[in-house]
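Values in this document were obtained by computation on a predicted structure and should not be read as measured data.
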Amino acid sequence: MRCFRPRSSKAVDEVDKTKAVVENHQASQSRQVSRDVRADVSRLMRPDDANIVGNVHGGIILKMIEEAGCIVGTRHCNTQNGMSCTPLQDRCLAALVRVEKTEFLCPVFIGEVAHVTADITYTSKHSLEVQVKVMAENILTGAKKLANKAALWYVPCSLKNVEKITEVPPIKYASEEKEEEGRKRYEAQKMERLETKARIEEVVPPPPSPEQHTVGFSQSSLIHLVGPSDCTLHDYVHGGVTMKLMDEVAGIVAARHCNTNIVTASVDAINFHRKIKKGCVVTVTGRLTFVSNKSMEIEVLVDASSLVQEDKGKYRAVSAFFTFISLDKENKPLPVPPLKIDGEEEQRRFEEGKARYLQSKAKRLADKERQQ
């Protein structure tokens, strides 16, 4: 019979200690990775965040979403293998280039706390996807509700040279399927950005005395001088600041058309075509493109021009489609007045808006069936 001599208790203790050290190190690395790919932002909603009936503006939520995405994106891009970059390495700041369709699932009210959670879900060589959820909490009752969901794309711009795009550290995926799904989203958004850039249109001023419920009647513009408080470390405008201005203009258009309380229902993909530098004057213009029984699609265009370099002229910086709904005093949807179309160009935009509306409606129904 072969006999085995048992290990001494001292040897066993040494093995256990080594195992504990390894496990603690692995847990520490896991926590570090978790911190690198997630960010949380919370804020109490105040009266100046809301409209006259207490609904928090969609632009406020969009600004918080972008801030959370920028935090997690910048933090991740300045780390390598869970460790902060050395001073010799090129540090960078995550710049927003696109926001996918954003759903406003339920309204947020004054006095509630908005909790924004941002997670990095995909990285390519030079960009990263951040998915964001917004929970609204009633701090008096403790009740929580899912208010918003969004997906954003960022690129890391060097602090030394804003035109230089640095490389993004890869993330670990839960499975190969998750990585493949992310790659497909990356390719789809890349193609859409190129298509949107190719179909940039000029803004046509409304007629002198437009008829009510026409495109020209509700078309609105806002002019804003970009100041230091609007900008990043690069002296370029925060994406969240631009989205807030766009939501304000879209809200004015919707209110003029309906003459009722209106709220943001969703935002189609927002594409950031070019950067806006500090000192520029931005003109944000909104116009109705499509109206259904209970919703309005509003195209919002952001043009920028320099005050000191007039020879460079005006350029298209951002474009998007916002969807608004009309509400009564009890926050229930109201019918929307039909849009009066005038001319072939307005008819074309109306048909394109109708196609987007039907596509979005079909997607919502499909998502609902999957959840059931």
Side-chain angles (χ1 to χ4, degrees), residues 41 43 46 48-49 56-71 73-74 77 91-99 102 116 130 150 152-165 193 196-197 200-203 205 219-253 264 267 269-287 298-322:
V41 176
R43 189 160 76 77
R46 304 184 301 266
D48 57 338
D49 296 322
V56 172
H57 291 295
I60 297 294
I61 302 299
L62 288 171
K63 191 169 183 288
M64 290 186 67
I65 286 172
E66 195 278 330
E67 287 172 353
C70 180
I71 290 170
T74 300
C77 290
R91 295 189 181 275
C92 59
L93 187 69
L96 183 66
V97 293
R98 178 177 167 89
V99 181
T102 305
V116 183
V130 179
L152 304 89
W153 289 89
Y154 290 83
V155 295
C157 297
S158 168
L159 288 179
K160 295 177 183 177
N161 177 10
V162 69
E163 300 301 327
K164 178 185 175 183
I165 306 299
R193 281 174 57 200
T196 306
K197 209 167 188 177
I200 290 177
E201 301 176 3
E202 290 298 319
V203 177
Q219 182 171 316
S220 304
S221 295
L222 180 152
I223 298 175
H224 177 76
L225 175 63
V226 176
S229 62
D230 299 322
C231 297
T232 66
L233 297 174
H234 287 120
D235 284 339
Y236 287 96
V237 177
H238 278 290
V241 170
T242 307
M243 290 192 292
K244 183 175 180 292
L245 293 172
M246 295 172 79
D247 181 75
E248 289 176 4
V249 170
I252 293 170
V253 173
T264 314
V267 184
I270 303 176
N271 290 290
F272 292 78
H273 308 295
R274 292 178 62 181
K275 303 180 187 73
I276 305 173
K277 195 169 179 60
K278 181 175 70 176
C280 281
V281 174
V282 293
T283 304
V284 188
T285 304
R287 61 187 178 192
I298 299 154
E299 183 180 25
V300 183
L301 307 169
V302 180
D303 295 323
S305 59
S306 174
L307 275 178
V308 294
Q309 296 175 311
E310 294 183 359
D311 56 312
K312 290 191 174 182
K314 187 179 288 188
Y315 61 90
R316 178 64 41 78
V318 193
S319 61
F321 291 96
F322 285 67

(message) Walk me through whether H234 and L159 qualify under side-chain contact (heavy atoms from CB on, under 4.5 Å).
(response) CA-CA 7 Å; H234 287 120; L159 288 179; 3.7 Å; yes
(request) Start with the C-alpha gap between H224 and V284, add the side-chain angles, then the distance that decides, and say whether side-chain contact (heavy atoms from CB on, under 4.5 Å) holds. (result) CA-CA 8 Å; H224 177 76; V284 188; 5.9 Å; no
(message) Would R287 and L301 count as a side-chain contact (heavy atoms from CB on, under 4.5 Å) here? Give the steps.
(response) CA-CA 9 Å; R287 61 187 178 192; L301 307 169; 4.0 Å; yes
(request) Could you please spell out the steps behind the side-chain contact (heavy atoms from CB on, under 4.5 Å) verdict for M243 and F322? (result) CA-CA 10 Å; M243 290 192 292; F322 285 67; 5.6 Å; no
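Contact record, G58 with D247: N-OD2, 3.5 Å, taken as the closest heavy-atom pair. In plain terms, the two heavy atoms of I165 and C157 that are nearest each other are CD1-SG, 3.8 Å. Closest of all the heavy-atom pairs between C231 and G227 is SG-O, 3.3 Å. Closest non-hydrogen pair, L225 versus G279, comes out as CD1-O, 3.7 Å. Of all the heavy atoms in A250 and I298, the pair that sits closest is O-CD1, 3.3 Å. Closest approach of V249 and G286 over heavy atoms only: CG1-N, 3.4 Å.
V302 has its side chain within reach of T242: a pair of non-hydrogen atoms, C-beta onward, lies under 4.5 Å apart. At least one side-chain heavy atom of E66 sits less than 4.5 Å from a side-chain heavy atom of H238. Side-chain atoms of K244 and L62, non-hydrogen and from C-beta on, never get closer than 4.5 Å to each other.
Judged by distance alone, the side chain of N161 and the main-chain N or O of E163 form a donor-acceptor pair under 3.5 Å. Not one N or O on the side chain of H273 forms a donor-acceptor pair closer than 3.5 Å with the backbone of A317.
Between the OH atom in Y236 and the CG atom in D230 there is a gap of 15.0 Å [rounded to 0.5 Å]. In this structure, the separation between NZ on K278 and CG on L307 is 13.0 Å, given to the nearest 0.5 Å. In this structure, the separation between NZ on K160 and CZ on R91 is 10.0 Å, given to the nearest 0.5 Å. In this structure, K275 NZ and T232 OG1 are separated by 10.0 Å, a value rounded to the nearest 0.5 Å. Distance check, rounded to the nearest 0.5 Å: OH of Y315 to CD1 of I276 gives 5.5 Å. Atom-to-atom distance recorded for R274:CZ and D303:CG is 10.5 Å, nearest 0.5 angstrom.
Partners of V97 under the side-chain contact (heavy atoms from CB on, under 4.5 Å) rule, at least two apart in sequence or in another chain, are W153, V155, R193. Scanning for side-chain hydrogen bond (donor to acceptor under 3.5 Å, both in side chains) contacts around S221 gives T285, with sequence neighbours left out. With sequence neighbours left out, the side-chain contact (heavy atoms from CB on, under 4.5 Å) criterion links R46 to R43, D48, D49.
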